[in-house]
Colleague: 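There's a structure below that I have some questions on.
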Amino acid sequence: MAIAQDQPDLRRVIDEEREVEGLGEQELIELYRRLVLLRTYDERSLVYHRQGRIGTYAIFWNHEAMQAGSVFALEDRDWVFPSYRESAIGLLRGIPASTILHWWRGHPAGWWNPAEHNVASIAVPIATHVPHAAGLAWGKKLKGEDAVAIAYFGDGATSEGAFHEGANFAAVMGAPLILFCNNNQWAISTPVAAQTRAETLAAKAAGYGMPGIRVDGTDVLAVYEATREAAERARSGGGPTFVEALSYRAAPHATADDPRAYIDMERVERERENECVGRYERYLRRLGVLGDDLVEEVKAEALDVMKRGIAEAEAEPEPDVGLLFEHAYANPPASFERDLAELRRILGGSVG
Amino acid sequence: MAIAQDQPDLRRVIDEEREVEGLGEQELIELYRRLVLLRTYDERSLVYHRQGRIGTYAIFWNHEAMQAGSVFALEDRDWVFPSYRESAIGLLRGIPASTILHWWRGHPAGWWNPAEHNVASIAVPIATHVPHAAGLAWGKKLKGEDAVAIAYFGDGATSEGAFHEGANFAAVMGAPLILFCNNNQWAISTPVAAQTRAETLAAKAAGYGMPGIRVDGTDVLAVYEATREAAERARSGGGPTFVEALSYRAAPHATADDPRAYIDMERVERERENECVGRYERYLRRLGVLGDDLVEEVKAEALDVMKRGIAEAEAEPEPDVGLLFEHAYANPPASFERDLAELRRILGGSVG
Amino acid sequence: MAELFMVEAINDGFHVELARDESVMVMGEDVGRAGGVFRATAGLRERFGESRCVDTPLAEAGILGTAVGLCMAGWRPVCEMQYDAFSYPCLDQLITHVGRYHWRTGGGMEFPLVVRMPYGGCVRAPELHDDSPEAYYVHTPGVKVAIPSTPADAKGLLAAAIRDPDPVVILEPKLIYRTERTEVPEGDHVVPLGKARLAREGSDLTLVAYGAMVPLCERAADALAGDASVEVLDLRTLKPLDEDALLASAAKTGRVVIVQEAPRTAGFGAEIAAILAEKAILDLHGPVLRVTGYDVPYPYWKIEDAYMPSVERVVDAARRLLEF
Amino acid sequence: MAELFMVEAINDGFHVELARDESVMVMGEDVGRAGGVFRATAGLRERFGESRCVDTPLAEAGILGTAVGLCMAGWRPVCEMQYDAFSYPCLDQLITHVGRYHWRTGGGMEFPLVVRMPYGGCVRAPELHDDSPEAYYVHTPGVKVAIPSTPADAKGLLAAAIRDPDPVVILEPKLIYRTERTEVPEGDHVVPLGKARLAREGSDLTLVAYGAMVPLCERAADALAGDASVEVLDLRTLKPLDEDALLASAAKTGRVVIVQEAPRTAGFGAEIAAILAEKAILDLHGPVLRVTGYDVPYPYWKIEDAYMPSVERVVDAARRLLEF
Ligand SMILES: Cc1ncc(C[n+]2csc(CCOP(=O)(O)OP(=O)(O)O)c2C)c(N)n1
Ligand SMILES: Cc1ncc(C[n+]2csc(CCOP(=O)(O)OP(=O)(O)O)c2C)c(N)n1
Ligand SMILES: [Mg+2]
Ligand SMILES: [Mg+2]
């Protein structure tokens with residue numbers, strides 16, 4: 001006997017040839033710009049990695065619609081909590097490409113101050129940033145500020161206790177939080193079917209007493225619409241929402257990963273043919289709001305951002321070892337000075 | 001918008017004046033014996049605590065139906081994972097009362113070998129024994145043994161990551177596990193409404209893709225019936241079931257706790273009037289299978305068990321300090337001998 | 001000055017700090033309606049409202065994890081872990097995030113949160129109510145650790161921790177929560193982090209301790225009074241450590257016995273010994289001895305007295321060192 | 001004998017142990033279909049079936065917690081934590097249960113599980129892929145801790161851990177997973193827990209190390225060769241510690257430098273120093289020095305070389321001690 005589950009169908013806009021109320025031509029094109037910017041960041045990063053200009057890199061190809069669509073539904077005062085899979089989402093909030101490239105280059109210039117962009121640091125560990133987002137949203141509510149928070153995490157992350165505790169705190173505190181689950185159906189080599197027996201990930205929402213929405217994660221407009229709904233609910237005191245965005249990881253987990261060992265590459269090929277940027281581009285062309293010239297312009301623009309970004313990053317001098325001892329504490333122990341002095345003496349005053 | 005939840009009504013037998021198929025007079029009376037044994041253990045323990053004969057004690061008054069009813073639905077080869085709230089559940093598996101009293105007396109004679117009774121050690125920390133039970137059930141299944149496991153935990157425990165991870169592992173591995181949630185509606189001073197926003201705790205089951213059953217936790221027959229169902233499903237390869245047994249903590253959390261600060265004592269009084277042992281006793285009397293004599297006999301029997309138990313416990317000599325160094329490792333480091341020798345020298349060979 | 005038990009001094013400190021700074025909030029299991037299982041947070045919910053003294057769901061990692069987010073929203077959360085061993089579920093948040101997030105933001109954001117918990121043994125409780133986990137916390141970069149041994153220090157270190165820009169873990173020796181009422185300054189009272197306290201002056205031997213081991217060492221010093229002049233150094237803050245006070249005392253007496261409740265191996269006492277072995281080697285008249293809990297799970301309470309460092313064990317070590 | 005990289009030797013060890021004992025199983029994230037992100041478990045799923053090499057859900061505490069239950073069902077689970085810092089979610093299970101359950105059953109049940117993880121720095125990875133958490137594990141009663149520094153020891157210590165009746169944590173220095181292929185005995189190969197290895201004999205000074213710091217210390221010994229005869233002691237097992245080997249070397253050379261990647265404060269090196277300060281004080285010709293990582297979060301990799309103990313830092317400490 002299995003509990004009958006409420007299964008909201010995948011929300012779709014593009015396939016239904018719908019239009020999203022509230023989005024004019026300008027917004028539709030701005031959204032396209034953002035998709036292309038993310039796509040370009042991702043594709044260039046792969047090149048830079050192969051060229052040895054950045055380190056290991058977590059590819060987010062075909063995840064752009066989830067990231068651009070959801071952020072587009074938020075206000076600038078709303079907080080974004082990315083995982084490594086959303087490493088470049090800060091581009092949509094004015095964080096320079098060079099900063100994010102620095103992060104992947106292992107350069108401390110990859111640090112940023114979350115408060116300046118309302119974008120938290122990139123979460124490398126799985127799911128432990130979910131309680132952070134819940135706490136921030138709760139804290140804003142307690143202070144009477146009407147900011148919303150969104151936390152990004154994957155299908156695998158839903159197995160972690162940290163996800164569970166964060167989601168429950170958010171629900172209990174009525175925190176204005178969007179739990180955005182990027183269900184790309186893989187956690188490195190582990191398929192979502194080995195991650196949970198739930199019929200859907202959205203089915204977890206009921207266990208927290210919050211709504212769960214399922215959406216086509218490769219349909220940027222559906223993602224936008226669902227996130228906007230969740231954000232409105234959160235802002236109006238309705239508490240958190242779990243959004244399951246269904247997509248497919250049509251690229252390796254990261255540059256170090258070789259999926260051929262565990263993934264059906266034909267399935268990957270099919271998914272790649274239907275990838276999210278092209279889908280949206282075709283939709284806009286059908287609508288007649290996008291033509292070759294604009295496409296070229298937008299892509300050139302994005303490529304330019306990346307070229308300037310990598311150039312800036314590579315122009316940055318190597319970090320000084322003194323940074324080792326900075327920012328571990330707002331007010332550091334006396335021992336740090338001694339340690340640094342000794343280190344400089346041994347290094348002959350310079351980091352070789 | 002809230003996800004429509006499947007809300008199985010609270011399963012009841014006694015109020016519906018139903019009879020449980022498969023339970024003859026003998027079984028009904030045996031069940032009564034067990035209820036009375038647990039009740040007597042609990043009430044005597046409170047007295048022993050006041051007399052300073054045992055230490056702090058977690059009262060389980062009005063929880064007996066959940067414990068006796070569920071264990072009665074299991075085979076002896078099935079494993080029981082109790083929390084401190086089920087500290088005396090081993091009595092139903094032949095663990096001597098003195099052993100459990102020793103546990104509460106802080107005496108190492110309170111140790112037992114779980115393998116001898118298929119009763120795991122009493123879990124003091126919240127929820128972290130849930131993965132143990134999941135692992136044992138999974139491990140038995142892998143070995144082709146048809147044993148089932150049951151893990152007891154409270155409403156508060158469902159907030160812990162350990163509950164979440166254990167439940168998910170059990171579901172994914174198809175482990176023959178019963179997740180038995182004693183929802184007594186309080187976690188020390190925290191009401192269940194401050195623990196979760198879910199409409200029911202059973203609503204969490206869907207998030208793991210397992211069935212969730214709700215049952216009146218003060219109706220020993222309803223608990224028996226629900227547990228039997230879950231055990232049959234588990235044994236036949238149907239995987240885990242979440243059982244939410246609704247009751248009410250009609251006593252302090254533990255001997256150290258004073259609930260008057262946070263609980264409505266009138267509500268408590270009402271719950272006490274409807275406590276689970278009396279309810280069942282009246283039901284059996286209505287059925288005509290129980291009369292004054294038998295009641296007296298059963299209660300005297302149980303009291304005798306406790307009197308012998310405490311006498312045995314108090315006859316036990318004080319533990320030797322050598323026990324400090326025993327059982328930390330199956331094969332201990334050399335340092336232990338030196339430490340013990342030094343300690344004995346300082347203690348003058350005896351623990352004062 | 002009022003005479004208060006340690007736990008009363010902590011409660012007093014909370015009232016002062018929450019009244020002083022609107023951004024200070026208290027969160028944890030049973031801290032609100034019940035005022036804490038040891039009453040450390042009694043009266044806060046009634047006085048400052050339920051949003052500044054929050055009964056949380058039963059989830060330690062969730063408590064500390066949301067506290068990180070609360071800091072990002074401008075709060076100064078003080079998290080209670082109900083008991084020492086129940087803080088282990090929050091170790092991941094502590095090591096992975098609490099100690100790194102300020103660094104991760106290039107110093108851009110501060111995480112002025114406090115984690116406090118009753119800790120230590122000999123309270124006649126079931127297992128896991130008696131641990132001394134300080135070594136886990138001290139070894140973790142980015143967090144500071146304080147352990148009071150008197151009511152006045154308990155209040156003053158709490159205030160210092162709450163006002164500190166960095167995360168601070170405070171371990172409160174529950175064994176001496178209510179053993180003695182001593183004078184506690186009223187109102188504002190801050191004991192700076194990083195300063196040890198000379199609990200007793202002496203010239204022949206130094207007992208280095210913290211928490212409930214300090215009064216124990218004072219009793220040991222009494223027991224030795226006839227034969228030796230014993231100094232007792234109360235570290236008060238384990239990180240940042242008052243190395244100057246430690247080295248000064250070692251230089252003065254030349255003999256050091258370190259006393260800690262926690263298991264010996266890789267306990268905090270080892271760090272003290274290591275510092276002495278590096279920086280005081282020429283001052284030492286003999287070995288650096290440790291009197292500690294044993295390398296075993298904290299025992300059932302009928303034998304916990306034998307596990308805990310005792311006056312007898314401290315005196316024995318001191319005599320061995322004096323006769324070295 | 002075959003020449004293998006360390007990670008190949010570990011994989012070889014797994015094949016031998018799973019073939020030898022049907023109750024041994026491997027579990028963790030991506031250990032099955034992918035054979036582990038470092039390929040340590042490659043081929044096991046194909047050879048022994050998916051129930052003896054299990055891809056688990058993404059939940060470290062769940063992995064270790066279910067492993068405890070698997071032990072109760074008669075299995076000998078070997079749990080992989082994908083990286084050092086991702087083992088922190090399992091600390092609660094480790095401290096609360098893994099180290100106590102045998103004790104809790106009065107010795108009635110054994111928990112022969114193994115937790116292994118790639119650990120340590122200098123691999124040019126994003127944050128939290130570089131930690132050295134050994135101190136957390138060593139301080140925890142009831143668990144043993146081993147750290148290999150050669151392919152042969154990696155295989156032999158894994159076998160010893162799997163066959164040991166107690167829980168063992170193995171930290172594998174990922175930095176040297178694939179640096180050098182050296183001889184590894186084929187088939188059954190057990191390196192007993194609790195025995196250190198004299199990596200190099202010397203008479204003037206001892207470098208005490210483990211894991212990736214051992215080859216580093218050997219390079220430092222080379223650099224010092226002209227001026228001093230340097231001994232390198234590879235501890236191999238941190239708990240139980242081979243105290244005899246440590247004290248013998250200290251007695252021989254009288255000068256000890258301890259090298260560890262982890263942050264200094266309350267790191268395992270402090271325990272080594274404390275043992276020397278207690279038991280070798282009369283043998284020491286000078287202070288006990290520690291060369292360690294700093295008390296800061298493991299840095300971004302552009303500056304990780306400066307964080308890690310280097311040949312230069314070890315040589316510098318050794319010279320200071322030799323000239324003391
Ligand atoms: C606590 C923790 N455990 C393990 C890892 C290693 N790891 C990195 S990504 C990953 C898979 C995550 O899968 P999912 O949550 O679905 O996110 P996706 O990568 O698919 O976006 C794992 C296991 C980690 N980063 N943190
Ligand atoms: C990990 C952990 N955190 C905190 C505690 C302290 N504690 C003991 S019982 C309890 C409340 C448990 O409530 P619930 O799960 O509903 O079980 P009940 O006591 O009602 O049976 C708490 C917080 C603990 N034992 N373990
Ligand atoms: Mg995924
Ligand atoms: Mg309860």
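First the proteins, then the strands, lettered A, B, ... as listed; each starts at 1. Just so you know, these numbers come straight off a predicted model, no measurement behind them.
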Colleague: If we define contacts as heavy-atom pairs under 4.5 Å, which of A:Pro333, A:Ala149, A:Pro114 has the most with chain C?
Modeller: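 Heavy-atom pairs under 4.5 Å are most numerous for A:Pro114.
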Colleague: I'd like a table of all donor-acceptor pairs linking chain A to chain C (distance under 3.5 Å, no angle check), giving the atom names and the distance to one decimal.
Modeller:
residue, atom, partner, partner atom, Å
A:Trp111, NE1, C:Trp103, O, 3.0
A:Asn113, ND2, C:Gly108, O, 3.4
A:Ser121, N, C:Tyr101, OH, 3.3
A:Thr128, O, C:Gln93, NE2, 2.9
A:Thr128, OG1, C:His97, NE2, 2.7
A:His132, NE2, C:Gln93, OE1, 2.9
A:Gly139, O, C:Trp75, NE1, 3.1
A:Glu165, OE1, C:Ala61, N, 3.4
A:Glu165, OE1, C:Gly62, N, 2.6
A:His327, O, C:Trp103, N, 3.1
A:His327, NE2, C:Gly106, O, 3.3
A:Tyr329, OH, C:Gly142, N, 3.0
A:Tyr329, OH, C:Val143, O, 3.3
A:Tyr329, OH, C:Lys239, NZ, 3.3
A:Ala330, N, C:Asp166, OD1, 2.6
A:Ala330, N, C:Asp166, OD2, 3.3
A:Asn331, N, C:Asp166, OD2, 3.1
A:Asn331, O, C:Lys144, NZ, 3.4
A:Asn331, OD1, C:Lys144, NZ, 2.9

Colleague: With a 4.5 angstrom heavy-atom cut-off, could you sort out which part of C:Pro57 is near chain A: side chain, backbone, both or neither?
Modeller: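 For C:Pro57, the contact with chain A is made by backbone and side chain together.
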Colleague: Of the backbone (N, CA, C, O) and the side chain (C-beta and beyond), which part of C:Ile63 lies under 4.5 Å from a heavy atom of chain A, both, or neither?
Modeller: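 Interface part for C:Ile63: both.
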Colleague: So for A:Ala120, is it side chain, backbone, both, or neither that comes closer than 4.5 Å to the heavy atoms of chain C?
Modeller: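 For A:Ala120, heavy atoms of backbone and side chain both lie under 4.5 Å from chain C.
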Colleague: Examine whether an atom of A:Pro125 lies under 4.5 Å from a heavy atom of chain C, and if so say whether it belongs to the side chain, the backbone or both; otherwise answer neither.
Modeller: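 Contact with chain C involves the side chain of A:Pro125 alone.
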Colleague: Which bit of C:Val143 is near chain A, if near means a heavy-atom gap under 4.5 Å: side chain, backbone, both or neither?
Modeller: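 C:Val143 touches chain A through backbone heavy atoms alone.
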Colleague: Using a cut-off of under 4.5 Å for heavy-atom pairs, which of A:Gly161, A:Ala330, A:Gly139 has the most such pairs with chain C?
Modeller: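 Ranked by contacts with chain C, first place is A:Ala330.
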Colleague: Quick one: what part of A:Ala115 sits under 4.5 Å from any heavy atom of chain C, side chain, backbone, both or neither?
Modeller: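 Both backbone and side chain.
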Colleague: Only pairs of heavy atoms separated by less than 4.5 Å count here; which of C:Pro165, C:Pro167, C:Gly106 has the most with chain A?
Modeller: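 Of the candidates given, the most pairs with chain A belong to C:Gly106.
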